[in-house]
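Both counts, for ligands and for their atoms, begin at 1 and track the order of listing. The structure displayed is predicted, hence computed values, not measured ones. Excluded from the calculations below are hydrogen atoms, water molecules and symmetry mates; all remaining heavy atoms, backbone and side chain alike, are included.
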Amino acid sequence: MTEARPHRVLVLNSGSSSVKYQLLDMRDGSRPAGGLVERIGEGSSRLVHTPPGGGEVRERTEPIADHAAALKAVAAELAADGLGLDSPELAAIGHRVVHGGKHFTEPTLIDEAVLAEIERLIPVAPLHNPANLTGIRTARELRPDLPQVAVFDTAFHTTMPEAAARYAIDVATADAHRIRRYGFHGTSHAYVSRRTAELLGKEPSEVNVIVLHLGNGASASAVRGGRCEDTSMGLTPLEGLVMGTRSGDVDPAVVFHLKRVAGMDTDEIDTLLNKRSGLVGLCGDNDMREIRRRIEEGDEAARLAFDIYIHRLRKYIGAYYAVLGRVDAVVFTAGVGENAAPVREAAIAGLEELGLVVDGELNAVRGDEPRLISPVYARVAVAVVPTDEELEIATQTYALVRG
Ligand code: ADP
């Protein structure tokens, strides 16, 4: 029997207290196994593993001290399904890395120099890059010989022109501290803009798309001919749209005011704007389903939170329309974008003059496939395209290791 050439990619997304993993078969895009470990470092860590072939999900709660222990537990689960890290069919591991700065414009084969550069970027990504690095280092210890690839959230946005990427602050100060707009969710914006071109029966180079990635974190991007021209997140994922727990755009003077008048320190303000703002800060809930339920019951705080969310979203649609000049599609993705018909309807309402119309019946249809929600006569397509960051990371990883 001839041995199958390596055709599987393991995608790892290492967060500060969690590891998400997904094994993909690159011959057909199927997902033999996946899962997550959460609450790493706490007494009640939890591992949830979905085995191949629709087998019963395995779940256990036990102390998992650190990322090394978490990855070893993941490796053991995969091995129990005959899909261990030592399998000759495993071609590579693809790691999601949040911040690649200006330096990393492409998926990159990981070596010591790459690790050192990701480490150098910790000051601009203090929450994310250390966790990503720990995941990579542990995976390299487990399989030192296996190609491992870093896929950066920022990479897709490195094509932004300086006019969009620079803040209007003193250049020397900005450069000394690498302060510029990097953007995030790039893997999703890349994937979704490409799938949108496919949905329209065109090449990515032929279409201009506004992508609205509305998950718990949320960002918009303006993509011209497959290249990002602007995006709403900046130095960190705090800028831009109203999110589940993040404020998005605020006057930077709010920070001085909170320091001088409210006596808050930097960490408290960081927590306020990142964790206690956005939808949760406005109405106590960050789940759009719950907010819609409360609105149905006449809840005023939920209504106002929704209105602020939509107002900001519409401002970005207008802004990116102007950035692109000609728009072929506005596309909604991620948890809210894919599921919340009222958000899509409210975001596009009244924009007929821009060629944007949503068909109520099409908008109400649920599904996992890319689909148009604009009527056939509309000048600009409005679409829902489910995102798939794992598939995109695996595809980029596999393309790199296969050469
Ligand atoms: P993350 O940024 O964590 O990856 P997701 O893209 O999974 O987020 O989006 C999660 C959010 O999607 C939830 O907080 C919720 O607001 C929203 N969401 C999920 N399902 C629905 C639904 N059926 N209707 C409305 N909103 C939904």
Side-chain angles (χ1 to χ4, degrees), residues 11-22 34-39 48 96-98 127-128 131-132 151 153 183-192 195 211-221 231-233 236-248 274-297 299 301-303 305-310 312-313 331-347 358 363-371 373 384-393:
V11 175
L12 286 180
N13 181 353
S14 307
S16 55
S17 65
S18 71
V19 173
K20 291 188 194 140
Y21 62 100
Q22 184 81 62
L36 86 159
V37 186
E38 56 188 2
R39 301 198 292 268
V48 183
R96 175 186 182 211
V97 179
V98 168
L127 294 179
H128 295 104
N132 300 156
V151 178
D153 258 30
F184 299 89
H185 290 146
T187 311
S188 176
H189 287 282
Y191 175 81
V192 168
R195 291 299 304 261
V211 180
L212 305 170
H213 175 112
L214 311 177
N216 204 16
S219 62
S221 67
T231 194
S232 59
M233 285 176 166
T236 77
L238 183 55
E239 191 179 343
L241 299 173
V242 176
M243 312 185 206
T245 66
R246 297 188 196 119
S247 61
N274 275 294
K275 304 247 166 75
R276 295 199 289 121
S277 295
L279 293 171
V280 93
L282 290 166
C283 74
D285 272 308
N286 63 342
D287 192 310
M288 192 52 82
R289 285 165 286 203
E290 187 57 17
I291 291 171
R292 291 303 308 171
R293 196 190 58 71
R294 285 173 53 185
I295 292 172
E296 298 295 317
E297 289 176 351
D299 185 316
R303 174 86 248 167
F306 184 83
D307 289 349
I308 295 169
Y309 183 95
I310 296 294
R312 186 84 50 84
L313 191 54
V331 54
F332 291 86
T333 193
V336 176
E338 291 166 30
N339 295 297
V343 168
R344 299 191 296 254
E345 185 191 330
V358 163
N363 192 31
V365 173
R366 305 187 65 85
D368 298 333
E369 292 299 312
R371 58 195 185 274
I373 57 170
V384 179
V385 174
T387 192
D388 195 338
E389 286 160 285
E390 281 94 8
L391 177 61
E392 181 67 12
I393 291 172

Around [atom], find the nearest protein heavy atom and jot down its residue, atom name and distance.
atom	answer
atom 18 (N) of ligand 1	G335 O, 3.6 Å
atom 2 (O) of ligand 1	N216 N, 3.0 Å
atom 24 (N) of ligand 1	R289 CG, 3.2 Å
atom 15 (C) of ligand 1	D287 OD1, 3.5 Å

Kindly assign one of parallel, tilted or perpendicular to the pair H213 and H185, based on the angle between their ring planes and the thresholds 30° and 60°. parallel
Applying a strict 4.0 Å limit to heavy atoms, is G217 in contact with ligand 1? yes
Yes or no: does H185 have any heavy atom under 4.0 Å from an atom of ligand 1? no
Right, does atom 4 (O) of ligand 1 have protein non-hydrogen atoms nearer than 4.0 Å? no
Kindly determine whether R303 and D307 satisfy salt bridge (charged side-chain N to carboxylate O under 4.0 Å, His left out), including the steps that lead there. CA-CA 6 Å; R303 174 86 248 167; D307 289 349; 3.2 Å; yes
Just distances here: any N/O of M288 and N/O of ligand 1 closer than 3.5 Å? yes
Based purely on interatomic distance, does A334 place a nitrogen or oxygen under 3.5 Å from a nitrogen or oxygen of ligand 1? no
Mark up the atoms of ligand 1 that fall under 4.0 Å of a heavy atom belonging to [X], in ascending order.
X	result
A340	25 (C)
R366	23 (N)
V336	12 (O), 16 (O), 17 (C)
N286	14 (O), 16 (O)

Quiz question: by atom type and distance under 3.5 Å, do the side chains of N339 and R366 form a donor-acceptor pair? yes
State, without any angle test, whether T231 and S221 hold a side-chain donor-acceptor pair at a distance under 3.5 Å. no
Tell me whether E290 at atom CD has more than 12 heavy atoms from other residues, nucleotides or ligands lying less than 6.0 Å away. yes
With a 4.5 Å limit on heavy-atom distance, are the side chains of E389 and S188 in contact? yes
Check whether any side-chain heavy atom of Y21 sits under 4.5 Å from a side-chain heavy atom of V11, and report yes or no. no
T333/L212 under side-chain contact (heavy atoms from CB on, under 4.5 Å): CA gap, chis, key distance, verdict: CA-CA 6 Å; T333 193; L212 305 170; over 6 Å; no
From the options T245, N339, V343, select the one whose nearest heavy atom is closest to atom 21 (C) of ligand 1. N339
Backbone, side chain, both or neither: what part of M243 comes under 4.0 angstrom of ligand 1, heavy atoms only? neither
Between the side chain of N132 and the main-chain N/O of V98, is any donor-acceptor distance below 3.5 Å? yes
Straight-line distance of T236 OG1 to F184 CZ, nearest 0.5 Å: 6.0 Å
